[in-house]
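Comments concern the structure below.
Proteins get letters first, then strands, A, B, ... in listed order; numbering begins at 1 in each.
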Amino acid sequence: MYDLRVLRDDLDMLRDRLGPRGKDVAWEDLRRLTEDRRARTVQVEDLRHQLKKGSEEVARLKRDKQPAEDAMAAMKALGETIKGYEEQLRLVEEQLAHVALRMPNLPHSSVPEGQDAADNVEVRRWGTPPSLSGPAQSHWDLGEALGILDFDRAVRMAKARFAVLTGMGARLERALINYMLDMHTTQHGYREVLPPLLVNRATMTGTGQLPKFEDDLFQLRDEELFLIPTAEVPLTNLHREELLAEETLPVRYTAYTPCFRREAGSYGKDTRGLIRLHQFNKVELVVFTKAEHSYEELERLTAHAEAILQGLGLHYRVITLCRGDMGFSAAKTYDIEVWLPSQKVFREISSCSNFEAFQARRANIRWRPKAGKKDAKSEFVHTLNGSGLAVGRTLVAILENYQQPDGTVSIPPALQPYMGGLERIRKE
RNA sequence: GGAGGGGUGACGGAGUGGCCGAACGUGCCGGUCUUGAAAACCGGAGACGGGGUAACCUGUCCGCGAGUUCAAAUCUCGCCCCCUCCGCCA
């Protein structure tokens with residue numbers, strides 16, 4: 001969501017800088033609607049002013065025991081006129097909101113140009129691929145052979161794109177969650193949150209999932225509640241409609257939650273294994289900060305996510321998403337991709353973004369300058385979030401990168417305390 | 001789910017349909033006093049938007065949305081939320 005003034009005064013700049021991201025925007029409608037809104041607003045406000053003055057005059061006449069019938073009749077007529085004008089203004093504002101809420105965020109100037117994933121730019125790599133003696137097995141083959149992954153039964157009780165973890169598979173998932181949360185809370189300064197998994201429409205609109213992406217969400221039948229597609233939604237909306245004190249910033253939250261996604265439009269992609277499920281676990285990081293610090297916070301947040309992979313000894317790289325590949329709400333995004341030896345590719349395991357004020361404006365999250373500053377006006381915060389990390393994909397990475405020639409999987413040392421000291425997963 | 005009570009500014013809490021953007025208190029800011037601070041006293045300040053180079057003018061906001069009225073924080077209706085009691089329940 002943009003400042004209406006930007007939409008009105010800098011529309012050409014916006015159109016130019018959005019580039020391919022703005023191809024679906026109805027630019028000429030927008031131009032007409034913002035102008036129309038301004039003209040009608042001025043008109044309605046002037047009429048309302050007349051009505052207020054007229055009503056005060058009625059009050060004065062009545063106090064002075066003077067006849068007020070004429071004034072009252074005039075105000076009644078004026079009131080009817082205003083209703084008509086207001087209705088037209090309301091229609092214009094509705095149309096404007098319809099367009100404005102569907103406009104993607106403006107990419108930061110450091111974001112590379114480009115159309116799709118092929119134009120993303122690698123920033124750095126960490127570690128090296130594991131040296132496996134033979135060809136790497138896929139995580140689904142390994143997991144099913146070890147008896148810790150079960151896709152067939154998940155399909156029977158739910159449908160495709162669900163999975164069951166059992167035994168040491170379930171234990172490994174839980175160990176990863178705890179490992180991640182412990183590191184973020186004790187080493188990186190985040191406050192742990194356990195939020196609702198169902199949220200309302202206003203909350204989904206605040207972070208940008210609605211109105212444009214309703215098809216991607218699971219929704220309840222009997223009530224207007226949605227299953228969260230990421231903990232970003234409840235964490236960012238923790239402070240919706242709030243005014244944060246300057247001295248509390250930056251505010252950092254972390255949460256483990258299941259995430260639910262329809263995955264509409266991804267038919268045929270990643271149909272096997274744990275990579276793309278309707279339900280998956282994720283540990284999320286969210287930061288609220290002042291505008292002037294948001295880009296250093298993005299670097300910090302990304303480093304926090306990387307620290308998990310480093311602790312687990314997993315080879316990865318960081319890329320900057322190009323304009324065309326970024327999400328709707330983001331101004332800049334780093335993806336962290338972990339090495340998967342069975343496919344010999346890097347796969348996304350975390351996505352860290354600065355949303356600048358895009359979400360804050362939708363959700364009305366501001367900060368108040370420390371008391372005492374002259375002419376201090378509240379400002380929108382900048383919001384950031386990143387996966388720290390996608391738990392299921394981390395489990396995939398461990399199975400594949402730590403697989404042994406005999407089909408067992410060794411446990412990274414940092415994780416062993418969380419696995420009851422277990423050093424290796426064997427067939428159960 | 002049923003009955004009753006309630007939602008007001010950063011917070012607490014008043015408010016007879018017109019003089020209410022809203023008493024009072026806390027907190028905040030400036031000042032006096034003090035070596036400094038506290039206390040006390042004096043003074044100041046709501047949020048968001050529109051127009052204007054500016055001074056300034058102006059609109060909206062008392063949970064949300066409709067309605068009644070010349071005029072709504074105040075009256076009516078619907079919805080949401082909170083509290084208490086009852087029922088149900090992990």
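Remark: P of B:rG49 and CG of A:Asp9 are 14 Å apart, rounded to the nearest angstrom. Rounded to an integer number of Å, the gap from CZ of A:Arg366 to C1' of B:rG46 is 11 Å. When the P atom of B:rC19 is taken as reference, atom CZ of A:Arg63 falls 8 Å away, rounded to whole Å. Taking atom CD of residue A:Glu224 and atom C1' of nucleotide B:rC79, one finds them 13 Å apart after rounding to whole Å. In this structure, A:Trp367 atom CH2 and B:rA47 atom C1' are separated by 16 Å, rounded to whole Å. Atom CZ in A:Phe380 sits roughly 11 Å away from atom C1' in B:rG49 (whole-Å rounding). With rounding to whole Å, A:Arg240 atom CZ is found 12 Å from B:rC81 atom C1'. When rounded to the nearest whole Å, the span between CG of A:Asn200 and P of B:rC79 equals 18 Å.
B:rG65 and B:rC11 have their C1' atoms separated by 28 Å, given to the nearest Å. Across the P atoms, B:rG9 and B:rC48 are found 15 Å apart, a figure rounded to whole Å. B:rA45 and B:rC64 have their C1' atoms separated by 29 Å, with the value rounded to a whole Å. Going from the C1' atom of B:rU16 to that of B:rG5 covers 22 Å, rounded to whole Å. Going from the C1' atom of B:rG46 to that of B:rC62 covers 12 Å, rounded to whole Å. Comparing the same atom, C1', in B:rG17 and in B:rC24 gives a spacing of 23 Å after rounding to whole Å. The separation of B:rG49 from B:rU68, taken at their C1' atoms, amounts to 28 Å, rounded to a whole angstrom. Separating the C1' atom of B:rC33 from that of B:rU58 is a span of 43 Å, rounded to the nearest Å.
Contact between the side-chain N/O atoms of A:Arg5 and the OP1/OP2 oxygens of B:rC48 is not found at any separation under 4.0 Å. Within the structure, every side-chain polar atom (N or O) of A:Arg38 is placed at least 4.0 Å from both OP1 and OP2 of B:rG49.
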Give the dot-bracket line for RNA chain B from 5' end to 3' end: parentheses for intra-strand Watson-Crick or G-U pairs under 3.5 Å, square brackets for crossings, | for inter-strand pairing, dots for unpaired. ((((((((.[[[..)..(.....]]].(((((.......))))).((((((....)))))).[[[[[..)....]]]]])))))))....
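Using a 4.0 Å cut-off between charged side-chain N and carboxylate O, A:Arg60 and A:Glu57 make a salt bridge.
Remark: side-chain polar atoms of A:Arg21 are paired, donor with acceptor, to backbone N or O of A:Met326 under 3.5 angstrom. A side-chain donor-acceptor contact under 3.5 Å links A:Glu400 to the backbone of A:His139. With hydrogens and angles ignored, the 3.5 Å screen pairs a side-chain donor or acceptor of A:Arg261 with a backbone N or O of A:Pro229.
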Reading 5' to 3' through nucleotides 59-73 of chain B, protein heavy-atom contacts under 4.0 Å coded B for base, S for sugar-phosphate only, - for none: SS-------S-BS--
I would like to know whether A:Tyr2 and A:Asn105 meet side chain to side chain contact (heavy atoms under 4.5 Å, CB included); could you show each step before the answer? CA-CA 8 Å; A:Tyr2 295 93; A:Asn105 201 359; 4.2 Å; yes
Stepwise, does the ring pair (Phe, Tyr, Trp, His ring centres under 6.0 Å) test hold for A:Tyr253 with A:His184? CA-CA 9 Å; A:Tyr253 293 119; A:His184 294 316; over 10 Å; no
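Ring to ring, A:His278 and A:Phe260 are not that close: their centroids are 6.0 angstrom or more apart. Here the two rings, on A:His382 and A:Phe358, have centers that are 6.0 Å apart or farther.
Annotation: salt bridge (charged side-chain N to carboxylate O under 4.0 Å, His left out) contacts of A:Lys83 (sequence neighbours excluded): none.
Within 4.0 Å of A:Arg40, counting heavy atoms only, lies no atom of the nucleic acid at all.
Note that CG of A:Leu198 is 13.0 Å distant from CD of A:Glu224, once rounded to the nearest 0.5 Å.
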